[in-house]
Each structure stands twice: as C-alpha cells, then as structure tokens.
**Q** 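Would you mind keeping the following structure in view while I ask a few things?
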Amino acid sequence: MRLSRYFLPILRDTPKEAEIVSHRLMLRAGMIRQEAAGIYAFLPLGFRVLQKVCAIVREEQDRSGAIELLMPTIQSADLWRESGRYEAYGKEMLRIKDRHERDMLYGPTNEEMITAIFRAYVRSYKDLPLNLYHIQWKFRDEVRPRFGLMRGREFLMKDAYSFDLDFAGAKHAYNRMFVAYLRTFARMGLRSIPMVAESGPIGGNLSHEFIILADTGESEVFCDKEYLEFEVPGPDVDFEHIGRLQAIVDKWTSLYAATSEKHDVAAFEAIAPDKRVSARGIEVGHIFYFGTKYSEPMKAVVTGHDGVERPVHMGSYGIGPSRLVAAIIEASHDDAGIVWPEPVAPFKVMILNLKQGGADTDKACEELYSALNGKGIDTLYHDLDERPGAKFATADLIGVPWQILVGPRSLAEGKVELKRRVDGARELMTVADAIARLSA
RNA sequence: CGGAGUGUGGCUCAGCCUGGUAGAGCACCUCGUUCGGGACGAGGGGGUCGCAGGUUCAAAUCCUGCCACUCCGACCA
C-alpha cells in the first residue's frame with residue numbers, strides 16, 4: 001500500500017476525551033473514530049488489525065474443533081421470553097420494535113438463538129459433541145461506556161457454544177476452549193492467565209476469566225508469579241485426547257489466580273511473598289460451563305444410548321476481538337507510539353523514503369516495494385513528500401514492526417537500513433538482503 | 001444511576017467573570033527555500049461559537065430549558 005493512496009488520518013494532538021493510552025494511540029494513529037458514546041468506526045488501519053486478531057481467533061477455534069457459523073445481530077424477543085431472560089436482562093439490552101410493533105432486540109449474546117438452532121436439528125447423542133461459534137457485533141447498553149474500545153457499547157465478540165451429552169463431555173469441551181484460549185492470546189503476543197471467576201448473568205458454576213496484566217486494567221487481580229513462566233501449549237496439541245488436555249488445564253489451574261470478586265486472602269497469603277502478584281488486569285476472554293440452564297427451559301434435548309431424552313449440557317466461550325486490539329496496545333507501546341506484535345500488525349513492513357523525489361531513493365524504494373508485495377508481505381510505502389523526521393514519527397506511532405529507511409546517506413554505500421520497532425535496533429544491508437530477511 | 005465537568009474552523013485551546021459583531025497554534029491550499037527524528041518564510045481558504053427560547057439597541061459572553069460528550073463512583077464482556 002502506498003501511503004499517498006491510503007486513508008490514514010494521523011492526529012498530531014491527542015483528543016481530550018481519551019484517557020488511557022490505547023484509546024489515545026488508536027485515535028492518534030487513525031485506527032478508530034468515535035461515532036457516539038461507546039460506539040466506534042474502525043478506520044482502515046484499525047480494521048486491518050481487527051481482522052488479523054479475528055483470523056488468529058478463528059484459526060485457534062477451528063483447530064480446537066469448533067465450527068463457525070454466523071447468527072444475526074437482531075433477535076426476536078420471543079426467543080428470550082423462552083429462557084426467561086427477556087425480563088431478567090435489564091436495561092443493558094437494547095430493545096427495539098419493528099414496523100409491526102413486534103418486540104425485537106439487538107443481541108447482547110446468543111445463548112438463546114444457538115439453543116434454538118441446535119434443538120431444531122439435533123436429536124441424537126451421535127451428533128455430539130458439537131461446538132458452534134461466530135464472530136459478530138454485540139450491543140450492551142452500558143451505563144457508562146469508557147476507555148475507548150475497552151468498554152464500548154457495541155463490540156465485536158467471538159462467542160462459542162458447546163453441546164454435550166453429559167458433564168464429562170462438557171468438561172472436555174470446556175478444556176478444549178481453555179487450551180484454545182491460551183494459544184490464541186499467546187499468538188497475539190499476550191501472556192494470559194486463567195483466573196477463577198464469577199459466572200455472572202450467563203449462569204453456571206464453572207468459569208474462568210482470561211486476564212492479561214496491564215496497569216490500566218479494569219479489574220484487580222491476584223495470582224502466583226509462576227504463571228508468567230508457564231509454557232503455552234504448542235500447535236500440535238491433541239484436542240481429542242481427553243487426558244492430555246485435562247493435564248494441561250490442571251497445570252494451568254494448579255496455582256492461585258483469582259479476580260477480586262473471587263479473591264481469597266488466606267489462600268493468596270499462603271503463597272511465598274516474592275511469588276505474589278497483585279495487579280490490574282484486562283479481561284480478554286471468559287468461559288463458562290452452565291449445564292442445562294438453557295437447554296432445559298428451551299427443550300434442547302438429545303436421545304442418549306439408552307433411548308432416553310435428556311437436555312444437553314452447554315457451555316459458552318467469549319473473546320472480545322475489538323477489546324483485544326486495545327488490550328494489545330496497552331501491553332505493547334512506548335513513548336513514540338504503538339509497538340505491534342508481528343502477528344497482529346496492520347503491516348509487517350513500512351518503507352520510509354527519506355528523500356522523496358530523489359532518483360536513487362525512489363528507485364530503491366520502488367524495488368523494495370514491488371519485491372515485498374510480490375512475496376505477499378503487507379507493506380506500507382511512505383511515499384509522501386514529507387521530511388524524514390515526520391516520517392519517523394508516523395512510522396513509530398503506527399507501530400509497524402519493521403521499518404526500512406531508504407536515504408541518501410546509507411544508499412551512498414549501496415545499503416538501506418532495517419529498523420526493528422520493538423527495540424529500535426538498526427542494521428545496514430543491501431536491498432536484496434533486506435528483501436530476503438523480511439521474506440524469511 | 002449518584003457526583004463533577006466540557007461543548008468556539010478538522011485537532012488542541014484562548015476569548016465568557018466585566019455583552020460591542022470571533023482569535024492563536026497545529027492541520028489544509030499556493031509559491032519559494034529546505035530535507036536522517038514532527039522545518040521556515042510569504043500569501044490564502046475555512047467557524048449559524050451544541051440546540052431552542054429569553055433579556056438587551058447589541059449575546060460566544062447574561063438567564064431558562066434541552067441535547068451531546070467526558071471524568072470519578074456504583075455496575076458490567
């Protein structure tokens with residue numbers, strides 16, 4: 001992408017409404033624009049990151065055996081009357097009427113709808129286990145939206161729903177998601193810690209929140225420091241193997257980790273003082289087992305081996321990709337701007353032509369640009385007629401992992417400079433070497 | 001939902017107290033000089049001062065009502 005042809009509205013001043021660093025940087029980097037309280041448009045750069053995050057979420061959901069579908073944002077109130085939640089949900093649910101005065105709502109979550117889909121088609125234990133997920137916009141009419149994408153009213157959510165014959169099956173489904181979540185966040189450069197959690201209005205009695213530690217986190221969390229060293233399961237983990245999966249979950253739940261709601265002071269103080277972590281955290285995922293809470297009232301039943309019908313055991317599993325974009329920035333930035341972990345970066349490489357219009361620099365940049373594009377590498381070419389300093393500032397702000405500085409100084413030796421955003425390390429090399437290095 | 005605050009060119013803000021017909025910096029357009037960490041000069045364009053009423057010869061400024069947004073708290077993915 002040539003910057004001269006792109007839409008990247010960089011802000012030099014920080015808009016006054018933005019209090020936390022991720023919100024500030026997203027506005028300044030031209031990633032998002034607020035349209036109303038807690039409602040944001042994703043501008044091209046922000047949308048690219050959101051899509052990268054979703055792609056990782058999707059890959060790991062698929063790997064764990066979940067199946068993607070897509071449910072609508074607008075739902076019928078009747079469905080929610082079946083579960084009893086239409087009255088129970090309160091003002092957080094955006095209720096609307098269509099032209100026929102029918103009660104509709106903008107979905108805050110999809111347990112009812114997925115249960116209706118399931119019961120319409122599934123009759124037998126032979127069709128289990130089943131885990132269906134989608135990535136769709138949700139709306140929760142928060143009393144006080146704040147912190148930009150961190151607590152918006154409209155937000156993107158990956159929600160998965162598992163169906164099993166009994167608790168044992170449901171536990172395995174829970175474990176699959178548990179492990180998939182560890183992998184998902186790790187791939188985005190985040191260290192997540194599963195913490196015992198309150199199950200809240202979703203209901204149920206087995207629940208973990210996946211928390212990443214950040215000073216600006218909304219919740220107060222407590223855990224054992226050793227979690228920060230734990231190895232995340234690799235891509236070869238066997239999701240079908242009940243025992244091995246359980247072993248991973250057992251390990252990741254063996255030490256103390258809890259949010260303030262579930263905090264047990266005595267248990268926490270039993271940890272060696274130097275191992276205690278008391279910090280702020282951002283919730284990026286939440287998983288629940290809730291048994292037959294919805295399947296019973298909504299009559300989602302399957303026939304078992306014994307020919308007897310019974311309600312399915314369900315769980316639901318949420319990740320907020322739009323919140324994750326903000327969380328990644330909270331975890332990875334410096335004074336100059338965002339520092340994207342490569343897997344979620346909007347572009348992998350940014351070419352900075354330090355002398356736009358110079359015959360040699362233009363030629364080298366064009367060569368780099370077409371070669372990198374040819375290899376399918378996301379490349380942003382800063383080809384505007386700006387001074388070097390301005391280009392450096394822009395590049396650092398939007399946080400692209402690799403910058404190639406092409407200027408007369410290094411070009412005189414036939415070299416360009418490859419700069420790594422994360423630590424500022426620079427290395428002189430030929431154009432050919434730079435291309436080879438970045439396509440490795 | 002309780003408390004506090006803010007709405008003035010695209011952005012950050014001054015002007016309001018003490019009414020007199022709207023300003024700065026950045027951004028934008030033109031020209032020139034610059035060019036390795038957010039350049040400089042000259043010229044130029046752009047604002048029903050959140051909305052609606054009221055007071056007044058005169059309202060960004062005073063009064064009333066409304067709307068929007070932000071922050072703290074309670075609540076929550």
Side-chain angles (χ1 to χ4, degrees), chain A residues 9-20 23-24 27-28 30 33-40 89-93 107-111 136-159 181 197-202 207-211 217-219 259-261 281-288 316-324 326-327 335-337 352-358 361 382 384-398 403-412 415-417 419 424 426 428:
Chain A
I10 299 276
L11 265 39
R12 199 159 162 170
D13 296 310
T14 302
K16 63 167 185 269
E17 73 269 16
E19 284 296 314
I20 64 167
H23 193 195
R24 277 203 299 272
L27 290 168
R28 286 199 54 216
R33 183 182 127 87
Q34 180 168 350
E35 298 298 339
I39 299 177
Y40 293 85
Y89 214 92
K91 297 183 103 169
E92 263 197 18
M93 185 155 71
T109 176
N110 284 64
E111 279 83 6
Q136 178 63 288
W137 293 92
K138 303 291 186 288
F139 192 91
R140 295 185 187 174
D141 203 355
E142 296 284 342
V143 201
R144 176 142 112 83
R146 63 183 119 176
F147 303 146
L149 291 188
M150 203 67 84
R151 176 159 300 282
R153 292 193 292 170
E154 187 180 60
F155 58 98
L156 193 58
M157 180 159 121
K158 183 287 301 181
D159 38 327
Y181 276 31
E198 208 67 73
S199 46
I202 307 282
S207 176
H208 284 90
E209 281 181 27
F210 286 74
I211 301 279
E218 283 199 275
S219 15
T259 60
S260 55
E261 299 88 49
I282 301 169
E283 178 185 353
V284 290
H286 201 159
I287 61 179
F288 305 88
S316 75
Y317 315 89
I319 289 180
S322 49
R323 174 183 280 185
L324 264 173
D335 290 343
L352 307 190
N353 188 340
L354 301 184
K355 185 171 183 177
Q356 204 69 45
T361 47
H382 194 141
L384 297 175
D385 186 18
E386 286 180 7
R387 294 165 65 86
K391 293 196 178 190
F392 293 139
T394 298
D396 287 348
L397 174 64
I398 69 173
Q403 299 171 13
I404 307 178
L405 315 187
V406 182
R409 191 193 285 173
S410 51
L411 221 47
K415 304 273 180 67
V416 295
E417 217 169 334
K419 176 186 159 190
R426 299 163 182 231
L428 276 172

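Computed from heavy atoms alone, side chains included, the values below leave out hydrogens, waters and symmetry copies. Order of the sequence lines sets the chain letters (A, B, ...), proteins ahead of strands, with each chain counted from 1. Keep in mind that what you see is a predicted model, and the values were worked out from it rather than measured.
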**Q** Which whole-number value in Å describes the distance from Tyr40(A) OH to C69(B) P?
**A**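 After rounding, the gap between these two atoms is 10 Å.
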
**Q** Checking Lys419(A) now: which residues fulfil salt bridge (charged side-chain N to carboxylate O under 4.0 Å, His left out) with it, not counting sequence neighbours?
**A**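 Only Asp396(A) meet the salt bridge (charged side-chain N to carboxylate O under 4.0 Å, His left out) criterion with Lys419(A).
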
**Q** Please enumerate all protein N or O atoms sitting under 3.5 Å from an N or O of nucleotides 3-13 of chain B, with distances to 0.1 Å.
**A**
unit_1	atom_1	unit_2	atom_2	d
C11(B)	O2	Asp13(A)	OD2	3.4
U12(B)	OP1	Lys16(A)	N	3.2

**Q** Would you tell me if any nitrogen or oxygen in the side chain of Arg140(A) comes within less than 4.0 Å of OP1 or OP2 on C75(B)?
**A**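 For C75(B), neither OP1 nor OP2 has a side-chain N or O of Arg140(A) closer than 4.0 Å.
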
**Q** Looking at the base of G38(B), is there any donor atom on it, or on the side chain of Arg28(A), that sits under 3.5 Å from an acceptor on the other one?
**A**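 Side chain to base: pair present.
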
**Q** Distance between the C1' atoms of A24(B) and C66(B), in whole angstroms?
**A**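 A24(B) and C66(B) have their C1' atoms separated by 32 Å.
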
**Q** Taking the P atom in each of U18(B) and C63(B), what is the distance between them to the nearest angstrom?
**A**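 Going atom to atom, P in each nucleotide, I get 10 Å.
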
**Q** Give me the distance, rounded to whole Å, that separates U61(B) from G20(B) when you measure between the P atoms they each carry.
**A**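 U61(B) and G20(B) have their P atoms separated by 10 Å.
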
**Q** Of the listed nucleotides (C69(B), G73(B), G36(B)), which one gets closest to any side-chain atom of Phe392(A)?
**A**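 Within the option list, the nearest is G36(B).
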
**Q** Could you measure between the two C1' atoms, the one in G3(B) and the one in G50(B), and give it in whole Å?
**A**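 Pairwise C1' distance, G3(B) against G50(B), rounds to 23 Å.
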
**Q** Can you find a donor-acceptor pair, distance only, under 3.5 Å between Lys419(A) side chain and G36(B) base?
**A**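 Not at all, since no donor on one side and acceptor on the other fall under 3.5 Å apart.
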
**Q** Taking the P atom of each, how far is G43(B) from C57(B), in whole Å?
**A**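 Between the two P atoms, the distance is 42 Å.
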
**Q** Is the Phe288(A) to His286(A) ring centre distance short of 6.0 Å?
**A**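 Yes, ring centres under 6.0 Å apart.
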
**Q** With respect to the phosphate group of A68(B), does any side-chain polar atom (N or O) of Gln34(A) fall under 4.0 Å of OP1 or OP2?
**A**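 So the side-chain polar atoms of Gln34(A) never come under 4.0 Å of the phosphate oxygens OP1 or OP2 of A68(B).
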
**Q** Side chains of Ile20(A) and His23(A): closer than 4.5 Å at any heavy-atom pair?
**A**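 In contact.
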
**Q** Would you mind reporting whether Arg140(A) and Pro108(A) have side-chain heavy atoms less than 4.5 Å apart?
**A**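 They are in side-chain contact.
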
**Q** Which is true for Glu92(A) with a 4.0 Å heavy-atom rule: it touches a base, it touches only sugar-phosphate, or it touches nothing?
**A**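 Answer is sugar-phosphate: Glu92(A) comes under 4.0 Å of backbone atoms only.
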
**Q** Salt-bridge test for Glu142(A) and Arg144(A): reply yes if a basic N is under 4.0 Å from a carboxylate O, no otherwise.
**A**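 Looking at Glu142(A) and Arg144(A), the cut-off is not met.
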
**Q** Output one line per pair: protein atom, nucleotide atom from nucleotides 33-35 of chain B, and distance, for all N/O pairs under 3.5 Å.
**A**
unit_1	atom_1	unit_2	atom_2	d
U34(B)	O2	Arg387(A)	NH1	2.8

**Q** Would a 4.5 Å heavy-atom cut-off, applied to side chains only, mark Glu154(A) and Ile39(A) as touching?
**A**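 The answer is yes; the side chains approach within 4.5 Å.
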
